[in-house]
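Predicted model, so just to flag it, every value in this text is computed and none were measured. Counting starts at 1 for both ligands and their atoms, in listed order.
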Amino acid sequence: MSIRLYNTLTKKKETFEPITAGKVGIYVCGITAYDVCHVGHARSAVVFDIITRYFGYRGYHVTYVKNFTDVDDKIIVKANTEGKSISEIAERYIREHDQDMQALRIERPTSAPRATEHINGMINLISILLEKGLAYEVEGDVYYAVENFEGYGKLSGRSLEDMIAGARVDVSEKKRNPLDFALWKASKEGEPWWESPWGRGRPGWHIECSVMSQHFLGETFDIHGGGEDLIFPHHENEIAQSEGATGKSLANYWVYNGFVKVSSEKMSKSLGNFFTVKDILKNYHPDVVRLFMLQSHYKSPVDFSDESLADARMGMDRFYATLKAIKQIMTDCGDFSAITIEKLSEKEKTLCDRLISLQDNFKDAMDDDFNTPRAIGYIFDAVRLVNGYMAGEKFYPSAQACFVLDIAKRIIKEVGGVLGLFLEDPDDYFAQDRDREARKRGLDVNEVNHLIEERRTARLAKDWKRADEIRHALAGKKIILQDGPAGTTWKIE
Ligand SMILES: [Zn+2]
């Protein structure tokens, strides 16, 4: 079976046919580096993270390019307000972005180019468009003449008239058509500039992606993606620029993730219902955030609310509780390398068959336009089966049970890993969860750990009075200590 994906250009679900067998090139538009990332950025990042991971899982060699816009009106405004250079502002927010993405377990793209590294390429491309009569210069600005490009509107499926009527286009005396867009802008006082054949200026926004995608992926590449708000005008303009210059199609498949809503309303700064990635990760484990997003199909909107995240947290706790139970049982496993499927009971054979079929079911779901909700449903099924098995077994574990649980763990972690889930040791997951809960209640986790260490020293010195004092003090904060062979752990009452 092959991967099928919904192509916004053709408005159909299509079988993926790579340009080069065994390889896939993907370009996704990245952030404009002037502010910290919010949940909307996180969703797009998670969606394309699992799409690229899944291509890798299916044996493709993936080249994934995601750019940074590091010159733009919003960056210039911020730089001028703060008395900084645009590169200082961009640098700061690219660093913040990278930290957020790492925290969310997003794999790094193959390349993460910045617009300002490709100014010469942009000047070349604009010159070609001018030569071809697809662009015109007015007083140091260069505009794209949309009427001269026949395919304008083909991605969003709209005619020029519809677009003019529906778009909030800035009316400028210099433009011949209100939909014409700036390829190059003459720089004003206080703005950064580069030398060009049209005088000192800076690029418009859209041109960078045409240049960087061609630089890294060639004139035609496999998949172009982004949030659905990029279809018009950004990607429509990229098509006009690239295809206008090369005469070849820019990308074969156009893939978009849906919006993030907050309690059924559109998320926006002005409504105040705005969450940054750092905000959510204070309250939820990254696996919980990923599960929340992947429980909806990537094209659907997701509704961000405390209830939906609490649900995702319960689901993730169940996954990790099963992995933890498997881990605990398996610490008592001896050598089970002599066991094969034939040596299992009928019940165990059936369980193994069903676990192995999880891999096929998972692939079926993901091949079908990356249907993560269905894929996650299969993982829940597998967890239910394993829990039933563990509840019915009398442990100390037999070699057969160890064999079965080993298969269960490997398969669950393998398919989960494709979704970027279960990468954590289960004990670490629950410890982080506890620390997060403690912080929410205003407890200082470092102080708790420090007191536990002090109690250990007191006990070693047989100072039972001090040891008891510490235990009582922590109990007063609803912290329960558990002494075990591996040391003392704690939990919240
Ligand atoms: Zn772009």
- Message: Check the orientation of Phe370 and Tyr54. Use parallel for under 30°, tilted for 30 to 60°, and perpendicular for over 60°.
- Response: perpendicular
- Counting backbone and side chain alike, does His206 bring an N/O/S atom below 2.8 Å of the Zn ion (ligand 1)? no
- Message: Tell me whether the Zn ion (ligand 1) has Glu208 as a neighbour, meaning an N, O or S atom of it below 2.8 Å.
- Response: no
- Task: Kindly give the atom name of the N, O or S atom of Glu238 closest to the Zn ion (ligand 1).
- Result: OE2
- Query: Is the NZ or CZ atom of Arg200 both under 6.0 Å from the centre of the six-membered ring of Trp193 and within 45° of that ring's axis?
  - Reply: yes
- Geometric class of the Tyr253/Phe16 ring pair [parallel <30°, tilted 30-60°, perpendicular >60°]: tilted
- In this structure, the Zn ion (ligand 1) sits at the vertex of an angle between NE2 of His234 and SG of Cys29 that rounds to 10° as 120°
- Query: Short check: any N/O/S atom of His235 below 2.8 Å from the Zn ion (ligand 1)?
  - Reply: no
- Task: Indicate the ring-plane relationship of Tyr143 and Tyr136, choosing parallel, tilted or perpendicular according to the 30° and 60° boundaries.
- Result: tilted
- Fit a plane to each ring of Phe304 and Phe292, take the angle between them on a 0 to 90° scale, and name the class: parallel (under 30°), tilted (30 to 60°) or perpendicular (over 60°). perpendicular
